[in-house]
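Please read the structure below before turning to the comments.
To find a chain, count down the sequence lines: A is the first, B the second, and so on, and within it residues start at 1. Note that these values count all heavy atoms, side chains included, but never hydrogens, waters or copies made by symmetry.
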Protein chains: 2
Amino acid sequence: MIEIRDRIKNKALHEKIMTAEAAAALIKDGMNIGASGFTPAGYPKAVPLALAKLAKEKPLKVNVWTGASVGAEFDGALAETNAIQKRLPYQTNDLLRKQINSGQVQYLDLHLSHTAQMSRYGFLVGSVDIALLEVCAIKEDGSLVPTTSMGNTASFVHSAKKVIVEVNITQPEQLECMHDAYLPQDPPHRSYIPIHSPGDRIGRTSIPCDPDKIIAIVPCDIIDGTRPLAPIDDDAKAMSGHLIEFLQHEIKQGRLPENLLPLQSGVGSVANAVISGLCDSPFENLSVYTEVIQDGMFDLIDAGKLTIASGTSLSPSPAALKRFHSNLDKYCPKIILRPLEIANSPEVARRLGVIAMNTAIEFDIYGHVNSTHTLGTKMMNGIGGSGDFARNGYLTFFFTNSTAKGGAISSVVPMCSHIDHTEHDTDVFITERGVADVRGLSPKERARVIIKNTAHPDYQPLLLDYLERAEKATGFAHTPHLLKEAFSFHTRFMETGTMKK
Amino acid sequence: MIEIRDRIKNKALHEKIMTAEAAAALIKDGMNIGASGFTPAGYPKAVPLALAKLAKEKPLKVNVWTGASVGAEFDGALAETNAIQKRLPYQTNDLLRKQINSGQVQYLDLHLSHTAQMSRYGFLVGSVDIALLEVCAIKEDGSLVPTTSMGNTASFVHSAKKVIVEVNITQPEQLECMHDAYLPQDPPHRSYIPIHSPGDRIGRTSIPCDPDKIIAIVPCDIIDGTRPLAPIDDDAKAMSGHLIEFLQHEIKQGRLPENLLPLQSGVGSVANAVISGLCDSPFENLSVYTEVIQDGMFDLIDAGKLTIASGTSLSPSPAALKRFHSNLDKYCPKIILRPLEIANSPEVARRLGVIAMNTAIEFDIYGHVNSTHTLGTKMMNGIGGSGDFARNGYLTFFFTNSTAKGGAISSVVPMCSHIDHTEHDTDVFITERGVADVRGLSPKERARVIIKNTAHPDYQPLLLDYLERAEKATGFAHTPHLLKEAFSFHTRFMETGTMKK
């Protein structure tokens, strides 16, 4: 067995060390598991793998609550043995996605900032039966030191009747200095969150835990299954260029300070490329108040442009994870990992005036955004924190390539087939074609700017034709639509394989 | 001329007293007017009437920014002489609605909590050229005492180059004690809003104003054109009954304290009836943290059930306005009127754990809500503050009658024809038929509860048929839809006059 006793400073807890198999056996059918993990970072691995094995032998279903997505050793392994009944609030596993889109798994796609408080409020059917988390150390007082993500762990540990801990020896104890665990009270006793700058620390570096709640401690040496990022292509470079030009214009107009405002950036290759692109920008002394810290932010730190990065998860590509581990002294002091409900707090996002930058699956001519469903029905991943930031940011951007599937899909459509962000919440749209700034515009004004500046030329005539016929048919109503044709792009694609006519 | 000099304590300002006509002449074509007023309460009347007259003689267009809706003397009069170019963030005037839905007026339907900061951020095309407001008094230091609403007035006065003030002598100076003017700083200098209980006072009773900015003071004796409320019918009583029963159950389950949490309630007859119904409930020591204070809250004060009502506007029916004026000593100490961005603050709503109760035009089987558009195209009024509260409240309700137009319209539809609140933001739906509590449910689970508990029996089979066919066609996808039929209820109504088959 892997030796973890030196990572457990509370000696009385040594007797709770056991195998993953023994710990998994403590998890019963129908339980709600509140787990650590966020965008495959800092999630438990050994116990879920063992639990999946158990479920293979004897059918068993659990409900899995996390911070966000976890790795293949968790969502993947449990999905393979049909062991997930209900899953929330976000996931990215292929097999689990199939189960969600075939009615086998009940999936709750939640605003990430809502999950912890909803679980404490008792809104999620039952409470946390077992908190299951990965740590790099357990301190003398029983408090738990997370690894690469904070997510909802502090809240789950607080609420849980029992706690199972995996000690991952591939993660250094030095990670402790990044964490800032803070648990808000609930109404009517909640106080303000005392963050006035992305670097403010308001909590502790470890998560308080009554040692008596800990029922099992399991060694683990599996590293985070983080995903490589797609290489930065010309489209991503173009979007990054548009963003930088736009921000420079905003500074010139006095609408943004020279060092901008704290940046929030969504997860994935496009978002990462946009952040990376800022290395070549004229901006200095940038700060980040976001959800996930990706490769691009290491680039910004290396370029001397980033004073602080606050998030809830450190989710670099495998290459960048190595880079991080080799340069802990350089990166750790620039990084704070907070509980999800603080990282994504509407209160803090609005106070700091976050610049919210997220990726859309599609947006429509009036500025609604679909972040979650393909063709209105199939769940892709989930809304994640995009709504927490888009609604409360100072300035809200959505990015996407103007087309997908080799041009067969237009990302700009007459009406979104699913809506996650309404026109009330969006300011600026960026594709590789350009920038549509819809602030201060009415719907019909927005439509022309969005079609002209962001849609692909192949689709501009179709979109304009729809708009003009809708205007005529409705007598220039506030938001002209032809309800029978609103999804014609989507149905054409389903029938012919392309949205083109 | 009406005598207002005793209402103007700063004697030097007496020389700025002039007629409404003279003041209106100071407003130029193309200007942005930042006006007081919220759900026809506390809006300027004499100057808009005079401006409308001027526009009749010589065409003139202005952009009108307010707190929310204003009365016929403002929106109505200016619409009649085609004097409005752009209007934001909310309105309810019939003629102006026609102009919005025929392309004559550009309308921006904004989250009400966003308006003031967007205007300060410079996001609304230009800044406030003239602030135009109704007051009951001007103090020695030039500060302005609003009448029956706070809205965005403090921010508009702060930003404006020039200020025109109407002193309304029908409103007593005693109103001052209700007000709590507080202007937040903007990022990166914004601090937390120090409200931890609905009764907390954080500002001043009058709005600071440099006397040099005041270019005109106009007397006025026109009373607020508030609207009578519909009588409380059986459907409204049923909804109120469902709510009370539901809340009692939540208390029993330990999910709400005995005196509930601060109540927020939308505007209009249904919302008012629901609040009024609480008089006959077992709840005591209630508090209100809302946008608009309507008749029902006076009823709750009279019943000894309400400790404090915080809002941004006092908008009772004409009868209740008289009742208020005759009982100032009783009602004023129980009422606080705050700037809109504080009354509707996401930060405060989430901290206090507001119980958000708003009215829907329609909602769909998956829990999306349309608050603004009829048949997806025509603007009714606007989103108002519903999104500020629905997104950030502890518990989010939407109310509506299960049908409209004598049963020809179902308020529960397969897919909303316009979406203002997404499924991520909604918890409980109430119609006269019953309660659908969708917390903790996945979309397909939600659909069955919503159809069964809230839809009218005439439409239940149609909705269930849609759901089942959509499930089959999509292989039980996460959110089953038939894109070609998603708006079939709406198009059938347009073609046959009923959503029934």
task: May I ask you to test the T377(B)-P480(A) pair for a side-chain heavy-atom distance under 4.5 Å?
output: no
Residue selection (most heavy-atom pairs with chain B, distance under 4.5 Å) from P443(A), G103(A), A486(A), G440(A): G440(A)
task: Determine whether the side chains of H111(A) and D425(B) contain a donor N or O and an acceptor N or O closer than 3.5 Å.
output: yes
statement: Greatest number of non-hydrogen atom pairs under 4.5 angstrom with chain A, of G475(B), G353(B), P194(B), C416(B), falls to G475(B)
message: Heavy-atom pairs under 4.5 Å with chain A: which of Q106(B), M379(B), K98(B), H490(B) has the most?
response: Q106(B)
- prompt: Are S191(B) and R351(A) close enough that some pair of their side-chain heavy atoms sits under 4.5 Å apart?
  reply: no
task: Measure distances from H368(A) to the heavy atoms of chain B and classify the residue's part below 4.5 Å as side chain, backbone, both or neither.
output: side chain
- prompt: chain A: which of G254(B), A470(B), P187(B) shares the most heavy-atom pairs with it under 4.5 Å?
  reply: P187(B)
message: Out of L110(A), T474(A), L441(A), V354(A), return the one with the most heavy atom pairs under 4.5 angstrom to chain B.
response: L441(A)
query: Heavy-atom distance under 4.5 Å to chain B: side chain of N259(A), backbone, both or neither?
result: neither
- request: Could you check if a side-chain atom of H114(B) sits within less than 4.5 angstrom of a side-chain atom of N392(A), using non-hydrogen atoms only?
  value: no
- request: Calculate, to the nearest 0.5 Å, the distance between atoms CZ and CG belonging to R446(B) and L108(A) respectively.
  value: 7.0 Å
- prompt: So do the side chains of K86(A) and E445(B) get within less than 4.5 Å of each other, counting heavy atoms only?
  reply: yes
- prompt: Given the options I383(B), L375(B), T372(B), which has more heavy-atom pairs under 4.5 Å with chain A than any of the others?
  reply: I383(B)
F123(B) and L395(A), any side-chain heavy atoms less than 4.5 Å apart: yes
- prompt: Do L483(A) and M494(B) have side-chain heavy atoms sitting under 4.5 Å apart?
  reply: yes
- prompt: Which pair of heavy atoms, one from H478(B) and one from I100(A), lies closest together, and at what distance?
  reply: ND1-CG2, 3.6 Å
- prompt: For the residue pair T422(B) and I419(A), what are the closest heavy atoms and their distance?
  reply: CG2-O, 3.3 Å
message: If I measure from the heavy atoms of chain B, does S488(A) come under 4.5 Å with its side chain, its backbone, both, or neither?
response: neither
- request: Could you tell me which portion of D427(B) (side chain, backbone, both or neither) has an atom closer than 4.5 angstrom to a non-hydrogen atom of chain A?
  value: side chain
When Q185(A), R97(A), H421(A), E495(A) are compared by non-hydrogen pairs under 4.5 Å with chain B, the top option: E495(A)
message: Out of E347(B), M415(B), Q104(B), return the one with the most heavy atom pairs under 4.5 angstrom to chain A.
response: E347(B)
message: Can you tell me which portion of Q253(A) sits under 4.5 Å from chain B's heavy atoms? Options are side chain, backbone, both or neither.
response: neither
Toward chain B, the part of Q99(A) with a non-hydrogen atom under 4.5 Å: neither
field: Rounded distance [0.5 Å steps], CG in D186(B) versus CG in L261(A)
entry: 10.0 Å
field: chain A contact via F487(B) - which portion, at a heavy-atom distance below 4.5 Å
entry: side chain
Verdict with supporting geometry, K484(A) and E485(B), salt bridge (charged side-chain N to carboxylate O under 4.0 Å, His left out): CA-CA 8 Å; K484(A) 283 198 168 171; E485(B) 280 189 47; over 6 Å; no
query: Looking at Y394(A), Y366(A), Y107(A), which has the largest count of heavy-atom pairs under 4.5 Å with chain B?
result: Y394(A)
field: Pair H418(B)-E423(A), side-chain donor/acceptor within less than 3.5 Å
entry: yes
message: Do L352(B) and P188(A) make a side-chain contact, defined as non-hydrogen atoms from C-beta onward lying under 4.5 Å apart?
response: no
query: Judged by modelled atom types alone, do R350(A) and S345(B) share a side-chain donor-acceptor pair under 3.5 Å?
result: no
- prompt: Are T479(A) and H373(B) close enough that a side-chain donor and a side-chain acceptor fall under 3.5 Å?
  reply: yes
message: Looking at every non-hydrogen atom in both residues, tell me the closest pair between Y121(B) and R255(A) and how far apart they are.
response: O-CG, 3.4 Å
query: What part of S197(B) lies closer than 4.5 angstrom to a heavy atom of chain A: side chain, backbone, both or neither?
result: neither
statement: Answer key: most heavy-atom pairs under 4.5 Å with chain A among E471(B), H196(B), R391(B) is R391(B)
